[in-house]
Amino acid sequence: MSSSFLERPEPVARVAELMSTFRSRWFLCGGWAVDAWLGRETREHHDVDVAIFEHDQLAIREHLPEWQLVGHDDNWSGENPIFPNVPIVPTELWDGRRLELPGHVHARAADGFEFELNLNEIDHGDWVFSGEPRIALPLERCVHQSAWGIPAVTPEVIVYYKALPPRWRDEPRTPLREHDERDFATLLPDLTEIQREWLRESISLIEPRHPWLARLSS
């Protein structure tokens with residue numbers, strides 16, 4: 001690791017080393033990405049989240065042949081007898097079927113270490129959010145090198161997904177999670193007016209009464 005970069009926490013360092021030989025693009029996302037921008041840990045984390053693009057999902061199977069991979073998307077065939085519109089979280093190993101958006105892959109090593117790969121949409125160099133072509137940014141604005149020397153999604157991308165996390169088809173939107181509220185509060189003071197404006201416009205397209213809109217306007 002270059003001396004110009006800050007030391008990485010062990011879980012992030014392990015994922016960064018693992019993904020350093022991945023043949024396509026990957027980026028740290030989620031709560032750890034907040035800390036990567038600040039160069040310090042701001043809270044405890046359950047796991048490490050990594051963003052990749054939808055068309056690279058099979059490359060992940062090739063890259064992690066010894067890992068247990070479980071795929072999650074709307075097309076899993078399990079039925080929930082209590083809440084029919086909310087699928088049961090699958091537990092069987094991913095057989096390589098194409099995962100649709102929004103989808104993710106849960107990866108578990110033999111020693112129990114886990115991390116998550118989140119699938120995202122890219123179209124002609126633009127990162128598309130929520131399957132909505134009107135909500136998109138050029139890839140170069142979505143990803144920068146972090147203080148830990150690894151690629152991480154930029155603050156506005158972090159906040160967007162914290163505000164509007166992907167959900168199963170027909171699943172009602174759940175209340176904001178405590179750790180997402182905390183991450184938003186951590187990033188808010190450092191958001192530029194350009195980032196705030198994009199977030200206000202993008203979030204309001206999906207949820208016009210989102211509680212963070214007023215705070216983004218302050």
*Asks:* Taking all non-hydrogen atoms of both residues into account, name the closest pair between Leu176 and Ala163 and its distance.
*Replies:*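 Where Leu176 meets Ala163 most closely, the heavy atoms are CD2-O, 3.8 Å.
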*Asks:* With Glu201, which residues qualify under side chain to side chain donor-acceptor pair (under 3.5 Å), at least two apart?
*Replies:*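 Glu201 satisfies side chain to side chain donor-acceptor pair (under 3.5 Å) with no residue once adjacent residues are dropped.
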*Asks:* For Arg177, give me all partners under side chain to side chain donor-acceptor pair (under 3.5 Å), at least two apart in sequence or on another chain.
*Replies:*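 In terms of side chain to side chain donor-acceptor pair (under 3.5 Å), with neighbours along the sequence ignored, Arg177 is linked to Asp180.
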*Asks:* Sequence neighbours left out, what passes ring-ring contact (aromatic ring centres under 6.0 Å, His included) with Trp37? Give chain and number order.
*Replies:*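 Partners of Trp37 under the ring-ring contact (aromatic ring centres under 6.0 Å, His included) test: none.
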*Asks:* Flag the pair Trp26 / Phe53 as yes when their ring centroid distance falls below 6.0 Å, and as no otherwise.
*Replies:*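 No; Phe53 has its ring centre 6.0 Å or more from that of Trp26.
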*Asks:* Do Thr21 and His63 pass the side-chain contact (heavy atoms from CB on, under 4.5 Å) test, and can you show the C-alpha distance, the side-chain angles, and the key distance before you say yes or no?
*Replies:* CA-CA 8 Å; Thr21 56; His63 187 67; 3.1 Å; yes
*Asks:* Might you point out which heavy atoms bring Gln145 and Pro151 nearest each other, and give the distance in Å?
*Replies:*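 Minimum heavy-atom contact is OE1-N, 3.7 Å.
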*Asks:* Identify the two heavy atoms, one from Pro155 and one from Leu187, that lie closest to each other, and give their separation to 0.1 Å.
*Replies:*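 Minimum heavy-atom separation between Pro155 and Leu187: O-CD1, 4.2 Å.
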*Asks:* Arg196: which residues meet the salt bridge (charged side-chain N to carboxylate O under 4.0 Å, His left out) condition with it, sequence neighbours left out?
*Replies:*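 Testing Arg196 for salt bridge (charged side-chain N to carboxylate O under 4.0 Å, His left out), a comparison that skips the adjacent residues, returns none.
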*Asks:* Looking at residues at least two apart in the chain, or sitting in another chain, which of them share a side chain to side chain donor-acceptor pair (under 3.5 Å) with Arg182?
*Replies:*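 Checked Arg182 against side chain to side chain donor-acceptor pair (under 3.5 Å); zero matches.
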*Asks:* According to a hydrophobic-cluster definition based on side-chain heavy atoms being under 4.5 Å apart (Ile, Leu, Val, Met, Phe, Trp, Tyr only), do Phe27 and Leu6 belong together?
*Replies:*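 No, separate clusters.
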*Asks:* Kindly write out the residues that satisfy side chain to side chain donor-acceptor pair (under 3.5 Å) with Trp94, not counting sequence neighbours, or none if the list is empty.
*Replies:*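 Expected list: none.
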*Asks:* How many angstroms lie between CG in Leu64 and CD in Glu66, if you round to the nearest 0.5 Å?
*Replies:*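 If we round to the nearest 0.5 Å, Leu64:CG and Glu66:CD are 10.0 Å apart.
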*Asks:* Let me confirm one number: the CD-CD1 distance from Glu156 to Ile194, rounded to the nearest 0.5 Å.
*Replies:*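 Here the interatomic distance stands at 9.5 Å.
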*Asks:* Hey, does Cys29 have a side-chain heavy atom less than 4.5 Å from the side chain of Asn118?
*Replies:*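 Sidechains of Cys29 and Asn118: in contact.
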*Asks:* Give every residue pair that meets the salt bridge (Lys or Arg N to Asp or Glu O under 4.0 Å) criterion with at least one member in residues 102-123, sequence neighbours excluded.
*Replies:*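 Counting only pairs at least two positions apart or across chains, the salt bridge (Lys or Arg N to Asp or Glu O under 4.0 Å) contacts touching residues 102-123 are Arg14-Asp111, Arg108-Glu114.
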*Asks:* Is it possible for you to say whether Phe22 and Val153 belong to one hydrophobic cluster, with membership spreading through side-chain heavy-atom contacts below 4.5 Å?
*Replies:*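 Different clusters: Phe22 never reaches Val153 through Ile, Leu, Val, Met, Phe, Trp or Tyr contacts under 4.5 Å.
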*Asks:* Could you state whether Ile52 and Leu137 fall into the same hydrophobic cluster, counting links through intermediate Ile, Leu, Val, Met, Phe, Trp or Tyr residues with side-chain heavy atoms under 4.5 angstrom apart?
*Replies:*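 No, because Ile52 and Leu137 fall into different hydrophobic clusters, even though each may have its own neighbours under 4.5 Å.
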*Asks:* So Val128 and Ile135, do their side chains get closer than 4.5 Å, heavy atoms only?
*Replies:*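 Of all side-chain heavy-atom pairs linking Val128 with Ile135, none is under 4.5 Å.
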*Asks:* Report the residues that fulfil salt bridge (charged side-chain N to carboxylate O under 4.0 Å, His left out) with Arg61, sequence neighbours left out, ordered by chain and then residue number.
*Replies:*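 By the salt bridge (charged side-chain N to carboxylate O under 4.0 Å, His left out) rule, Arg61 matches no residue at all.
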*Asks:* Restricting to non-hydrogen atoms, name the atom on Gly39 and the atom on Ala147 that form the minimum distance, rounded to 0.1 Å.
*Replies:*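 Taking Gly39 first and Ala147 second, the nearest heavy atoms are CA-CB, 4.0 Å.
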*Asks:* Is the shortest side-chain heavy-atom distance between Leu117 and Met19 below 4.5 Å?
*Replies:*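 Side chain of Leu117 against side chain of Met19, heavy atoms only: contact under 4.5 Å found.
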*Asks:* How many angstroms lie between CG in Leu191 and CD1 in Ile158, if you round to the nearest 0.5 Å?
*Replies:*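 Between Leu191 CG and Ile158 CD1, I get 9.5 Å after rounding to 0.5 Å.
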*Asks:* Would you kindly confirm whether Ile122 and Leu101 end up in one hydrophobic cluster when ILVMFWY residues are joined by side chain heavy atoms under 4.5 Å apart?
*Replies:*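 Looking at the clustering, Leu101 is in a separate group from Ile122.
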*Asks:* Go through the steps for Asp56 and Ile60 under the test side-chain contact (heavy atoms from CB on, under 4.5 Å), then give the verdict.
*Replies:* CA-CA 7 Å; Asp56 292 321; Ile60 280 293; 5.8 Å; no
*Asks:* Got a sec, which pairs hit salt bridge (Lys or Arg N to Asp or Glu O under 4.0 Å) with one end in residues 33-47, sequence neighbours left out?
*Replies:*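 The answer is Arg43-Asp183.
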*Asks:* Can you check side-chain contact (heavy atoms from CB on, under 4.5 Å) on Leu216 and Trp198, steps first, answer last?
*Replies:* CA-CA 10 Å; Leu216 285 166; Trp198 180 82; over 6 Å; no
*Asks:* Hey, would you say the Tyr160 and Trp212 ring centroids sit under 6.0 Å apart?
*Replies:*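 No, the ring of Tyr160 stays outside the 6.0 Å limit from the ring of Trp212, centre to centre.
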*Asks:* Is there a side-chain contact between Val12 and Trp148, using heavy atoms and a 4.5 Å cut-off?
*Replies:*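 The answer is yes, as the side chains (C-beta and beyond) meet within the 4.5 Å cut-off.
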*Asks:* Salt bridge (Lys or Arg N to Asp or Glu O under 4.0 Å): which pairs involve residues 125-140, sequence neighbours left out?
*Replies:*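 Listed by first then second residue: Glu132-Arg134.
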*Asks:* Given Phe129, which partner from the list Asn120, Val157, Leu164 fulfils the side-chain contact (heavy atoms from CB on, under 4.5 Å) test?
*Replies:*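 Of Asn120, Val157, Leu164, side-chain contact (heavy atoms from CB on, under 4.5 Å) with Phe129 is met by Val157 alone.
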*Asks:* Suppose we screen for salt bridge (charged side-chain N to carboxylate O under 4.0 Å, His left out). Which residues come up paired with Arg209, at least two apart in sequence or across chains?
*Replies:*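 Once residues adjacent in sequence are excluded, Arg209 has no partner under the salt bridge (charged side-chain N to carboxylate O under 4.0 Å, His left out) criterion.
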*Asks:* Would you compute the distance between atom NE2 of His55 and atom CG of Leu119 and round it to the nearest 0.5 angstrom?
*Replies:*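 CG of Leu119 is found 11.0 Å from NE2 of His55.
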*Asks:* Just wondering, do Pro11 and His45 contact through their side chains at under 4.5 Å, heavy atoms?
*Replies:*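 No, too far: nothing below the 4.5 Å cut-off.
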*Asks:* Just wondering, do Val105 and Leu99 contact through their side chains at under 4.5 Å, heavy atoms?
*Replies:*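 The answer is yes; the side chains approach within 4.5 Å.
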*Asks:* How long is the span from the CD atom in Glu207 to the OG atom in Ser202, to the nearest 0.5 Å?
*Replies:*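 Here the interatomic distance stands at 13.5 Å.
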*Asks:* Quick one: which residue pairs count as a salt bridge (Lys or Arg N to Asp or Glu O under 4.0 Å) with a foot in residues 16-30, not counting sequence neighbours?
*Replies:*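 Listed once each, the pairs are Arg23-Glu62.
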*Asks:* What class does the angle between the rings of Tyr161 and Trp127 fall in, given that below 30° is parallel, 30 to 60° is tilted and above 60° is perpendicular?
*Replies:*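 Tilted.
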*Asks:* What is the minimum heavy-atom distance between Arg97 and Asp73, and which atoms define it?
*Replies:*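 The answer is NH2-OD1, 2.9 Å.
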*Asks:* Mind checking whether Phe115 and Trp32 have ring centres under 6.0 Å apart?
*Replies:*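 No, too far apart.
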*Asks:* Mind checking whether Lys162 and Glu181 have side chains closer than 4.5 Å, heavy atoms only?
*Replies:*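 When only atoms from C-beta onward are counted, Glu181 and Lys162 do not touch, as no gap falls below 4.5 Å.
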*Asks:* Do Leu28 and Val48 come within less than 4.5 Å of each other through their side chains, counting heavy atoms only?
*Replies:*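 Contact flag for Leu28/Val48 side chains = yes.
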*Asks:* Has Glu193 got more than 12 heavy atoms of other residues, nucleotides or ligands less than 6.0 Å from its CD?
*Replies:*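 More than 12 within 6.0 Å, yes.
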